[in-house]
Every structure is written in structure tokens, then in C-alpha cells.
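Computation of the quantities below employed the complete heavy-atom set of this structure, encompassing side-chain atoms and omitting hydrogens, waters and symmetry-equivalent molecules.
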Amino acid sequence: MLRGQSKPVGARADSWSLMVFSIGGSRLAARTKDVGGVRPWSGAMRVPSRTPHVNALMRNGEDVFPVFDLAGMLNLRVQGDTPMCLIAKHKDGPMAICIDADIPKLVTVESTALYPPAQPDSNILWQCQIDGVATPIYAFFNFAAPPVAAS
């Protein structure tokens, strides 16, 4: 069975609707059902936290979101003068992820085009080729920072 899935691999949907975005120029994707929206990045306020890669809050109107530093986790730097904010639907509630200034796009991928990631990662459901580029599909709903090595 696919990790994070309750159906056997053979029972997956015929096609997947994905949002494709970039961080540090690297192409990434997420299922559209795991994305709550995209908006301009309004900045973040650092807060103390013991949760790896979650150490800031972002305010947008009346909404306040924890910020997951996906760029930091991937050792990348967000590109562009006006980054975007991807709202990820996580099981514990929505969280903000700063992404490159490039506008994300929506694509549909046939399930037959999905294959396991080259490096095992519990945050990646599958990989696929989008415009000839291997693109990991992240699982925001069950997203977790990798364990911190004991010192």
C-alpha cells in the first residue's frame, strides 16, 4: 500500500489534479485538494518554537497561519522580489508556505504517469514528469518535518 493512502496502489484515481509551484527554482507539486489557496506573501513574524521548520506566524486579514519553512527543509532559498504564499491544508489546520514569485499552475496527471520518488521521503506521495522535469508530489495533509538528529 502507498504510505498515507488507505487504498491499494492499483485502486488510485485515474488522474490527479495538481498545483505545480516552485521554491528556489525547483519544481514541486501538491494535490489540489491539499491546497487551500495562493495569495501574496505578507511577511512573517518569528516566534519561538520547538517544531522543526515551524518558527513563524503569518497574518492575512483576520487569519493567522503557522509558517512551514519548506524552503529551509529542502535547503533552498525562495526566489523573486514578491514571493507567493501557498496555504497548505494540513490535518492540524492550514499552514502557510512561502514559494517563489512565479504563479503556480494547475495540471492533471494520469495515474499511470506516477512513480515512486528516487529517494524515500514520507512527505512525497509520488513523482511524475511535468514538462519533462521530474516533479515530486508533496502530501501536505500529513506533512511532517523530518526527525531532528540527536546531538
_From CA spacing to verdict: side chain to side chain contact (heavy atoms under 4.5 Å, CB included), Thr135, Gln129_ = CA-CA 6 Å; Thr135 305; Gln129 294 286 321; over 6 Å; no
*Is the shortest heavy-atom distance from the side chain of Leu74 to the side chain of Ser26 under 4.5 Å?*
no
*Are any of the side-chain heavy atoms of Leu125 and Trp16 separated by less than 4.5 Å?*
yes
*Do Leu114 and Val109 touch side chain to side chain, with heavy atoms closer than 4.5 Å?*
yes
*Do Ile99 and Val54 sit in the same hydrophobic cluster, where Ile, Leu, Val, Met, Phe, Trp and Tyr count as joined when their side-chain heavy atoms come under 4.5 Å apart?*
yes
*Linking Ile, Leu, Val, Met, Phe, Trp and Tyr by side-chain heavy atoms under 4.5 Å, what else ends up with Val47?*
Met45, Leu57, Val64
*Could you walk me through whether Gln127 and Tyr115 pass the side chain to side chain contact (heavy atoms under 4.5 Å, CB included) check?*
CA-CA 5 Å; Gln127 269 187 261; Tyr115 55 92; 3.6 Å; yes
*Polar side chain donor-acceptor pair, Ser22 to Asp100, under 3.5 angstrom*: yes
*Linking Ile, Leu, Val, Met, Phe, Trp and Tyr by side-chain heavy atoms under 4.5 Å, what else ends up with Val133?*
none
*Arg46 side chain to Pro48 main-chain N or O, any donor-acceptor pair under 3.5 Å?*
no
*Closest heavy-atom contact between Gly80 and Ala101?*
CA-CB, 3.9 Å
*asked:* With side chain to side chain contact (heavy atoms under 4.5 Å, CB included) as the criterion, how do Leu18 and Ile137 come out once you've worked through the C-alpha distance, each side chain's angles and the decisive distance to 0.1 Å?
replied: CA-CA 8 Å; Leu18 303 174; Ile137 303 169; 3.8 Å; yes
_Met19 to Pro104 - nearest heavy-atom pair and separation_ = CG-CB, 3.8 Å
*asked:* Less than 4.0 angstrom from a charged side-chain N to a carboxylate O is my criterion; do Arg27 and Asp102 meet it?
replied: no
*Hey, can you tell me if Phe68 and His53 have their rings parallel, tilted or perpendicular (30° and 60° cut-offs)?*
tilted
*Please tell me if the side chains of Trp41 and Met58 come closer than 4.5 Å, counting only heavy atoms from C-beta onward.*
yes
_Phe140: ring pair (Phe, Tyr, Trp, His ring centres under 6.0 Å) partners, not counting sequence neighbours_ = Phe143
_Measuring only between side-chain heavy atoms, which start at C-beta, is Arg39 closer than 4.5 Å to Asn60?_
yes
*State yes or no: do Met95 and Met73 share one hydrophobic cluster built from I, L, V, M, F, W and Y residues joined by side-chain heavy-atom distances below 4.5 Å, directly or via other members?*
yes
*Can you find a pair of side-chain heavy atoms, one from Ile130 and one from Val107, that are under 4.5 Å apart?*
yes
*salt bridge (Lys or Arg N to Asp or Glu O under 4.0 Å) evaluation trace for Lys105 with Asp131*: CA-CA 12 Å; Lys105 68 178 184 176; Asp131 298 331; 2.6 Å; yes
*Val78 versus Pro83, closest heavy-atom pair with distance*: CG1-CB, 3.8 Å
*Locate the shortest heavy-atom distance separating Cys85 from Ala96; write the atom from each residue and the value.*
SG-CB, 3.7 Å
*Straight-line distance of Ile87 CD1 to Asp34 CG, nearest 0.5 Å*: 13.5 Å
_When you compare the side chain of Leu70 with that of Ile23, does any pair of heavy atoms fall below 4.5 Å?_
yes
_So Pro117 and Trp126, do their side chains get closer than 4.5 Å, heavy atoms only?_
no
_Starting from Met84, can I reach Leu76 by hopping between I/L/V/M/F/W/Y residues whose side chains sit under 4.5 Å apart?_
yes
_Spatial distance of atom CD (Glu110) from atom OG (Ser15) [nearest 0.5 Å]_ = 5.0 Å
*Just how far is it from atom CG of Leu86 to atom OH of Tyr138, taken to the nearest 0.5 Å?*
13.0 Å
